[in-house]
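Before any comments, here is the structure.
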Amino acid sequence: MYVCICLGITDKAIKQAVLDDGVGNMRQLKQKLGAGTQCGKCVQMAQTIIDNIIIDE
Ligand code: FES
């Protein structure tokens, strides 16, 4: 599923960034993948995905 339409970033890509690259918050995700740097509409969903992965770990 696409989370960030602007940059074509999927939920899988976000999960991978969290699990493999140690991304722990939106600021780090922006640096890593660029999510949220265009229109910003994906920020809330991306944040939710990050939070849920971290809670599951
Ligand atoms: Fe992610 Fe626009 S949908 S910046």
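We count ligands from 1, going down the list as the structure has it; atoms in each ligand are counted the same way.
- Not close to ligand 1: Leu7, with no non-hydrogen atom less than 4.0 angstrom away.
- Counting atoms of ligand 1 from 1 in the listed order, those under 4.0 Å from a heavy atom of Gln38 are 4 (S).
- For atom 1 (Fe) of ligand 1, the N/O/S atoms of Cys42 include one lying under 2.8 Å.
- Across all their heavy atoms, Gly36 and Val43 have their closest contact at CA-CG2, 3.9 Å.
- Closest non-hydrogen pair, Ala35 versus Lys30, comes out as O-CG, 3.0 Å.
- Taking a cut-off of under 4.0 Å to the non-hydrogen atoms of Gly40, the atoms of ligand 1 that pass are 2 (Fe), 4 (S).
- Annotation for ligand 1: atoms under 4.0 Å from non-hydrogen atoms of Cys39 are 2 (Fe), 3 (S), 4 (S).
- Remark: ligand 1 atoms within the under-4.0 Å shell around heavy atoms of Gly36 are 1 (Fe), 4 (S).
- Taking every heavy atom of both residues into account, Val18 and Ile54 meet most closely at CG1-CG1, 4.3 Å.
- At a cut-off of 2.8 Å, Cys4 coordinates atom 1 (Fe) of ligand 1 through an N, O or S atom.
- Using a 4.5 Å cut-off on side-chain heavy atoms (C-beta onward), Thr10 and Val3 make no contact.
- The neighbour count for Gln44 CD, taken as heavy atoms of other residues, nucleotides or ligands under 6.0 Å away, does not exceed 12.
- The protein heavy-atom contact nearest to atom 3 (S) of ligand 1 is Ile5 N, 3.3 Å.
- Counted within 6.0 Å of CE on Met45, heavy atoms from surrounding residues, nucleotides or ligands total 12 or fewer; the atom is thus considered open.
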